[in-house]
Each structure stands twice: as structure tokens, then as C-alpha cells.
Amino acid sequence: MSNVKSVLIVGVGGQGTLLASRLLGNALLSKNYDVKVSEVHGMSQRGGSVVTYVKYGDSVSSPIIEQGEADLILSFEALEAARYLPFLKKGGKIIVNTQQIDPMPVVTGSAEYPDDILGKIKELGVAVISADALSLAEAAGSSKAVNVVLMGMLAKQTDIEKQVWLDTVKETVPPKFLDLNIKAFELGYAQ
Amino acid sequence: MKKLLLGNEAVARGLFEAGVRVASSYPGTPSTEITENAAKYDEIRCEWAPNEKVAAEVAAGACFAGARSFCGMKHVGLNVAADPFFTMSYIGVNGGMMLAVADDPGMHSSQNEQDSRNYAKAAKVPMLEPADSAECKEFTKLAYELSEKYDTPVVLRLTTRIAHSRSLVETGERDELPLKEYKKNPQKNVMLPAFAKGRHVFVEQRTQKLIELAESADFNRVEINDTSIGVIAAGDCYQYAKEALGDRASYLKLGMVYPLPEKLIKNFASKVDRLYVIEELDDFIEMHCRSIGLSPIGKELFPRCGEFSQKTVRELVLGESIDCVSLDSDIPVRPPVMCCGCPHRGLFYALKKLNVYVSGDIGCYTLGASAPLAMMDTCVCMGASVSALHGYNLARGAESEKKSVAVIGDSTFMHSGVTGLIDVAYNATDSVVIILDNSITGMTGHQQNPTTGYTIKGDPASAVDLESLCRAVGIDNVAVCDPYNLDETISVIREQLKKDGPSVVISRRPCALLKYVKHNPPFKVDGGRCIGCKLCMSIGCPAISIKDDKAEIDATQCVGCGVCKGLCKKGAICE
């Protein structure tokens with residue numbers, strides 16, 4: 001199973017990680033890979049830490065990704081990148097949205113949001129690609145398009161042609177939001 | 001054509017292709033999407049029932065009528081449906097009948113980690129367990145064949161990782177089956193003691209026939225590779241073992257986890273040097289192996305609690321681990337919270353002000369147990385808030401009745417809260433029951449219910465009038481409040497607590513995530529007025545934080561519910 005690639009998508013419930021994993025899954029499907037996407041539904045979606053696993057290759061067995069196994073981590077939020085860092089494979093990359101969303105213990109003052117998370121991750125020798133996806137999404141027309149901006153950033157790091165991604169976006173998002181999402185994807189892809 | 005389908009979507013596709021005509025379920029993570037997706041097929045009469053017992057009985061009725069029928073639920077739902085389930089085992093079927101039960105090892109979204117395989121054994125009903133979405137569809141179709149051939153309901157057991165993983169499925173056409181003829185047959189269908197005695201004998205014979213099937217059917221599969229390690233597994237555990245061990249082990253992959261074969265297992269065991277049974281939760285397969293004289297390595301090595309993965313197998317079978325990097329700094333946890341604009345927030349703030357004992361229930365509002373509101377004393381199961389409050393008050397008397405409430409959502413009240421309320425009225429405690437009516441089944445992702453006025457397909461339906469229902473069962477004191485209005489909510493509940501006789505408060509405000517709910521513009525903090533008292537922080541809204549000793553509202557999250565504005569003594573929160 002050495003040819004199986006693993007992408008971990010992490011974020012905060014409500015940020016749209018499920019749509020992102022669906023886009024990635026559909027893009028991989030059009031490349032004729034065996035694909036498994038494991039999602040989280042239910043309670044943790046309510047503003048909690050959420051994780052989606054995407055695996056592809058000739059034949060995928062387990063739908064989940066364990067510590068030290070992810071080729072890529074796509075993090076919708078900085079603290080979540082730190083939380084899931086142990087899941088990264090040696091030599092793997094992290095794509096991260098620099099946006100900070102305070103978890104409830106930080107909001108209530110019982111914990112502190114760590115300083116300079118991305119700097120500390122880089123010090124460990126991990127390749128980090130970061131951008132302020134929220135600002136880019138707003139530039140594209142809606143703060144809700146953060147997920148598609150991040151998919152654009154991810155697309156750049158895969159060996160799937162850009163056109164396949166654009167076609168997948170077209171097939172996956174509702175037509176009335178298509179222009180917005182294409183713009184958001186392009187802004188992410190340009191990072 | 002191959003599609004990337006969620007396990008649950010694949011089950012729904014299987015229902016469609018198997019010619020199922022009637023599906024009745026109650027939502028429950030991780031099973032909900034089966035019925036949601038089944039509802040997309042016009043050929044299936046699909047509904048959300050008030051609870052799993054009703055749903056299973058609806059499916060039983062359709063099965064009597066000669067249709068293939070379905071009922072889906074989460075693991076704890078089978079507790080509710082257990083009564084019809086056990087006796088339908090005796091009765092068997094006319095049209096095929098399948099129940100899907102989704103277990104939740106690791107408790108991603110559940111209150112316990114019960115192992116439904118024990119139910120299959122207890123009720124003597126065959127249980128299939130798929131290991132990916134393709135098998136979800138194939139085993140669903142197989143379940144209907146077995147159901148009709150062996151005259152039995154069949155259970156499809158899923159776990160979270162199978163139900164909520166997408167993998168490739170080859171879709172097919174629907175097998176459009178005519179209704180089977182209905183013939184009156186009380187010896188089979190009326191379970192009086194005299195008839196049931198005969199059916200019990202039939203059930204025992206049926207199990208023997210199913211064991212014979214399990215010995216040779218291709219849903220139980222042997223894969224011989226290196227024979228130094230042999231693994232018996234089903235479902236997700238088979239996938240974890242394959243990923244961790246690959247060709248370094250041989251496998252007996254079980255597609256049917258009840259009843260289990262004897263010769264097939266013994267034969268496999270004889271071919272391998274060391275035999276492992278890899279299964280999450282209980283030692284179900286392992287105990288069977290022991291009962292036929294084998295001594296596999298099972299729960300002496302593998303945990304009984306929580307979810308497994310390939311890491312579990314790699315570490316425990318091979319003693320190998322993968323290096324990983326991590327940060328030294330403490331990473332604050334991110335627990336789930338009530339959403340911005342959640343109507344439950346104001347209600348729980350009111351309860352905190354009133355400092356009452358809160359008998360809790362199952363739903364989004366169970367998050368009211370978490371900091372900073374932390375206003376829930378107990379939570380057992382669907383509907384227990386009402387009946388357990390009644391019991392609490394019976395034990396502690398009149399004094400406690402003035403200082404305690406039950407909280408229950410609209411859907412949970414329909415599920416099994418109303419029966420508790422009947423007990424409150426009939427056996428007379430002055431209990432105060434608060435129905436949190438957010439006009440939807442929230443936690444499972446917005447399913448309609450009997451109070452919302454819509455069916456699963458979005459068609460208009462009759463809606464239960466909660467006020468009239470409560471009065472009809474004998475509750476004279478019924479009041480309504482808007483949880484966005486803190487003063488009103490506190491005073492309404494306080495008044496009901498003072499009154500003699502049982503009472504109901506309906507805290508009414510639709511879920512803020514519903515598409516039709518119009519949001520107000522976000523609020524801002526006037527830095528000149530804010531004194532940094534942090535009173536607004538006490539409601540635990542994720543949009544509010546403290547920056548440089550002043551409150552700050554995140555405009556991208558705030559939906560303008562105004563609960564914080566109602567709280568601020570300095571008028572610092574404004575539009």
C-alpha cells in the first residue's frame with residue numbers, strides 16, 4: 001500500500017471542511033484512483049475541532065489517517081495545524097490558513113492561544129505554505145469561500161491538472177455561487 | 001458507473017436497487033444519511049417517525065403487507081426498537097425486512113459505546129457487517145434475499161467509519177418487485193403464547209440453517225497470504241488489519257457477524273500459526289471462537305474501549321510505530337459549542353440565573369452542560385429528562401419542585417418526552433418541564449419532525465401543537481417565552497416554578513442555522529463604553545472575545561441575536 005497518498009483536512013466545525021473533502025474526492029475520482037474519504041458528522045461539527053481524511057492510490061484499505069501518515073495537511077485554522085501536526089509524515093507539507101479562531105477555553109480565559117504557531121512548526125523543519133484565506137475569500141466576494149480558496153492552494157500542490165479542479169468545482173457547487181467560487185479557487189491557486 | 005458514496009448513501013442505494021417500498025426511521029448519528037438519501041428516491045415511501053420503536057413497527061407493518069421495508073437507527077435507537085425487534089424475529093417476514101444499526105465506537109456523537117452485535121445474538125437475528133461503501137450496497141441487497149429466503153428480519157451493522165466514509169460504488173438498476181400476496185396467518189403473525197411457542201422452535205432451526213450458510217457463503221472470505229499471523233475480523237477492523245499487516249498476515253473476513261460459522265473458523269485457525277481476533281468493543285467473535293475450543297489472541301491484547309485504527313493493529317500485533325513530530329506548547333482543546341445565535345444559549349443563561357437543578361436530555365442543548373454555562377445535572381437517554389425529573393421530585397418532595405426543571409428539545413419531546421409528561425400529570429409532581437422548541441431536529445443535521453409541519457421530503461404536513469398537546473395530557477400551566485429575551489425568559493420560568501401543579505414552558509425560537517431564519521446585522525462593541533467587565537463572556541458565545549481588556553465581536557460570526565446586548569449593563573454593545 002506504499003503508493004497510497006493521504007491528505008488530512010482539519011478545521012473548526014462550520015468552516016466548510018466537508019465541501020473541501022468532497023471537492024478533493026471528486027477531483028481524485030476523475031483521475032481513476034481508488035479513493036476513500038472519511039468525514040465527521042454530528043456533535044463535533046458544532047464549532048469543535050473537525051478532521052476529514054482523504055486517501056487515494058491503487059487500493060485503499062483503512063479510511064482513516066493515523067499519526068505520521070499524512071503526506072499533506074490542509075488546515076483551515078492555525079491552532080488546528082498545531083493540533084494535527086503529529087499526523088504529518090516525515091517530509092510532508094502543511095498548507096494552512098493563518099486565520100485564528102479562539103476555542104472556548106481561550107474565550108473564557110482558562111487557556112491561552114499559543115504565539116507564533118506557524119513559526120514554531122517551521123522550526124521543526126516542516127514545510128509550511130500559508131496564506132490569509134479569509135481575506136482572499138472576502139476579496140473573491142464572500143467570507144464563506146474560505147474553503148474553496150484553500151482548495152486552490154491545495155490544488156497547486158497536487159499533480160492533478162488545474163482544469164480537472166475547475167471542472168470539479170463546477171460540478172460540486174451550486175450554479176449561482178459558481179463565479180464566486182471560481183474566483184476564490186484562482187486566488188488560492190495563485191498563492 | 002462508479003460513484004464516490006458515503007457508506008450510508010450506499011445503503012440507501014441498496015434499498016433502492018433491492019426494490020424497497022417503505023422506509024421509516026428516527027435520525028441518529030451515524031445512521032441519519034441512510035434515510036435522508038432513501039427519501040431522494042420517489043419509489044420509496046420514506047418517513048421520519050417519532051421514534052425508533054414506531055419506525056420499526058411501521059417497517060414491520062409494511063413487511064406484513066408484502067413490501068420490502070427498512071428501518072434505520074443508531075445503536076441506542078435499537079434499545080428503543082428492541083421490543084418489536086425481538087418479536088419480529090419470531091414472526092419473520094412476508095416482504096423482506098432489514099434494520100440498519102450504526103454503532104459509534106469512540107463515541108464521536110453518542111452517550112455510550114454499546115455493541116449491537118449482542119442484540120443480534122439475543123434476538124437470534126442474522127447480522128451483516130460491511131467493510132466499505134460497495135459492501136454497504138451489496139450487503140443491503142443480500143439482506144433482503146436472506147430475509148425472504150430464511151423468513152427473518154436481517155440487521156445491517158455499521159460503525160461510524162463505515163457509515164461516514166466515502167468509497168467507490170458501482171450503481172445498478174432497481175429491481176421493481178410486486179407486493180407479495182397477503183395471506184392471513186395467525187400462527188405466524190399473532191404472537192400469542194400458543195403460537196409463539198411454535199415460532200421459537202422455528203427460530204432455533206433457522207439459526208442452524210444460517211450457521212450452515214455461514215460455513216460456505218462467499219460473504220465470509222478467506223485470504224491466505226503469510227500464515228504466521230491469522231486475523232479474523234469484520235467491517236472497519238478488517239480494513240485496519242489489512243492496512244497494518246498487508247500480505248504479512250492471512251485473513252478470515254467475516255461478512256456475517258451473527259450467526260458465526262464453526263468449521264470455517266476452525267479450518268482457518270488450523271492454517272495459521274498465531275490467531276488474532278481483531279474487533280472493536282466487545283469480545284463477540286472471540287467468545288464464539290472460545291466456545292468452539294479455540295484460543296485466539298483477542299481482548300487480552302486489544303482494548304474494549306474506543307475506536308481502533310491501523311496504528312492499533314501495527315503497534316499491538318507487530319510492535320511497530322511510526323515517528324511523528326509535535327509542538328512542545330500546550331494546545332488548548334476545542335470542544336464543540338453552541339453556535340452563534342443558538343436559541344439554547346439564552347435559555348441556559350436564564351437557568352443559571354435561577355440556579356436550578358437541570359434534568360437534561362439528548363440534543364444540541366446537551367452542550368448546555370459545558371463551560372461557561374455548565375447548567376445540566378443529568379443526561380441519560382432520549383426522553384429521560386422529563387421522567388427523571390418526576391422521579392427526582394418524588395424523592396425530594398415539594399421543596400425540590402420549586403428549584404428544578406427538565407430541558408428537552410421539540411424532537412426529543414416527540415420521541416419519548418411526552419410519555420414522561422403524562423406521568424408527571426397523572427402522578428402529580430409540580431415539575432417544570434421546558435421544551436426547547438427550535439422547530440427542527442438539530443444535532444443530527446436538521447431533520448423534520450412531527451412539530452415542524454413538514455415531511456422528510458419537504459412536503460407540508462400536519463404539525464403537533466405543543467401547547468394543546470401539553471394541556472391535553474393534563475398540564476394546565478403552559479407558558480411560552482423567547483430565549484433571545486433574557487428578562488422575559490427568566491421571569492416566565494420563575495413564575496412557573498412558583499405555581500402549584502405541573503407546568504410546561506415552551507422556549508421557542510428556530511435554530512439559527514435554518515436557511516429561512518433571517519439574521520440581523522452583526523453587533524459591535526463601543527470601546528468607549530465597554531469597561532471590560534466580561535459579563536458578555538458569561539454566555540459562551542464563540543463570536544465574543546476579549547482583546548486588550550475590551551470585549552470584541554467577530555462580525556463574520558455574529559448573527560445579531562442580541563443576547564449579549566441584553567446582558568451589557570453599560571450599553572456598550574450596539575448595531
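By convention in this document, chain letters (A, B, ...) are assigned in the order of the sequence lines, proteins followed by strands, and residues within each chain are numbered from 1.
A:F87 does not touch chain B: none of its heavy atoms, backbone or side chain, sits under 4.5 Å away. B:D132 touches chain A through its side chain: at least one heavy atom from C-beta onward sits under 4.5 Å away, while N, CA, C and O do not. Both the backbone and the side chain of B:S309 come within contact range of chain A, judged by heavy atoms closer than 4.5 Å. Within the 4.5 angstrom heavy-atom criterion, atoms from both the backbone and the side chain of B:L327 approach chain A. For a residue to count as touching a neighbouring chain, one of its non-hydrogen atoms must lie under 4.5 Å from one of that chain's; by this rule B:K547 touches chain A with the side chain only. With a 4.5 Å cut-off on non-hydrogen atoms, B:C340 does not touch chain A at all. Proximity to chain B (any heavy atom under 4.5 Å) is restricted, for A:K55, to the side chain, taken from C-beta onward. Residue contact with chain B, scored on non-hydrogen atoms closer than 4.5 Å, is absent for A:D115. If you measure heavy-atom distances from A:V54 to chain B, you find no contacts under 4.5 Å at all. Looking at A:K36, the atoms closer than 4.5 Å to chain B (heavy atoms on both sides) sit in the backbone and in the side chain alike. Using a 4.5 Å cut-off between heavy atoms, A:E123 does not touch chain B at all. Only the backbone of B:I544 comes within contact range of chain A, judged by heavy atoms closer than 4.5 Å. Heavy atoms of A:V107 lying under 4.5 Å from chain B belong to its backbone as well as its side chain. Contact annotation for B:P30: neither backbone nor side-chain heavy atoms come within less than 4.5 Å of a heavy atom of chain A. For a residue to count as touching a neighbouring chain, one of its non-hydrogen atoms must lie under 4.5 Å from one of that chain's; by this rule A:L124 touches chain B with the side chain only. In this structure, no portion of A:Q99 lies under 4.5 Å from any heavy atom of chain B. Within the 4.5 angstrom heavy-atom criterion, only backbone atoms of A:Y33 (N, CA, C, O) approach chain B. In this structure, chain B has a heavy atom under 4.5 Å from the backbone of A:I65, while its side chain stays farther away.
Residues A:K162 and A:E186 have side chains in contact (heavy-atom distance under 4.5 Å, counting atoms from C-beta outward). You'll find the side chain of B:L513 reaches within 4.5 Å of the side chain of B:C339, heavy atoms only. Taking the side chain as every heavy atom from C-beta outward, A:S38 and A:S21 never approach each other to under 4.5 Å.
At a cut-off of 3.5 Å, with distance as the only test, a side-chain donor of B:E223 or B:Y238 sits close to an acceptor on the other residue. No side-chain donor-acceptor contact under 3.5 Å links A:S6 and A:E69. B:H75 and B:E113 share no side-chain donor-acceptor pair at under 3.5 Å. Residues A:S62 and A:Y53 have side chains that never bring a donor and an acceptor to within less than 3.5 angstrom of each other. With hydrogens and angles left out, the side-chain atoms of B:D236 and B:T159 include a donor and acceptor closer than 3.5 Å.
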Quiz item: Can you check salt bridge (Lys or Arg N to Asp or Glu O under 4.0 Å) on A:R22 and A:E171, steps first, answer last?
Solution: CA-CA 11 Å; A:R22 218 155 289 172; A:E171 283 160 21; over 6 Å; no

Practice problem: Mind running salt bridge (Lys or Arg N to Asp or Glu O under 4.0 Å) on A:K31 and A:E161 for me, showing each step along the way? | Solution: CA-CA 10 Å; A:K31 297 294 287 180; A:E161 303 82 357; 3.1 Å; yes

Exercise. Apply side chain to side chain donor-acceptor pair (under 3.5 Å) to the pair B:T441 and B:Y26, showing each step before the final yes or no.
Key: CA-CA 10 Å; B:T441 311; B:Y26 184 81; 5.0 Å; no

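Heavy-atom pairs under 4.5 Å with chain A were tallied for B:K534, B:K311, B:R166, B:R161; the largest tally goes to B:R166. Your options are B:D328, B:L4, B:I162, and the one with the most heavy-atom pairs under 4.5 Å with chain A is B:L4. When the candidates B:C342, B:P332, B:S326 are compared by the number of heavy-atom contacts under 4.5 Å with chain A, B:P332 comes out ahead. Counting heavy-atom pairs closer than 4.5 Å to chain B, the top residue among A:L134, A:L85, A:L28 is A:L85. No other option in A:P86, A:G92, A:G68 has as many heavy-atom pairs under 4.5 Å with chain B as A:P86. Counting heavy-atom pairs under 4.5 Å between each of A:V35, A:T52, A:L88 and chain B puts A:V35 at the top.
At least one donor-acceptor pair closer than 3.5 Å links the side chain of B:R345 to the backbone N or O of B:M338. Counting only distance, with no hydrogens or angles, the side chain of B:S545 and the backbone of B:A551 share no donor-acceptor pair below 3.5 Å.
Ion pairing between a basic and an acidic side chain is recognised when a charged N comes within 4.0 Å of a carboxylate O; A:R83 and A:E80 show such pairing.
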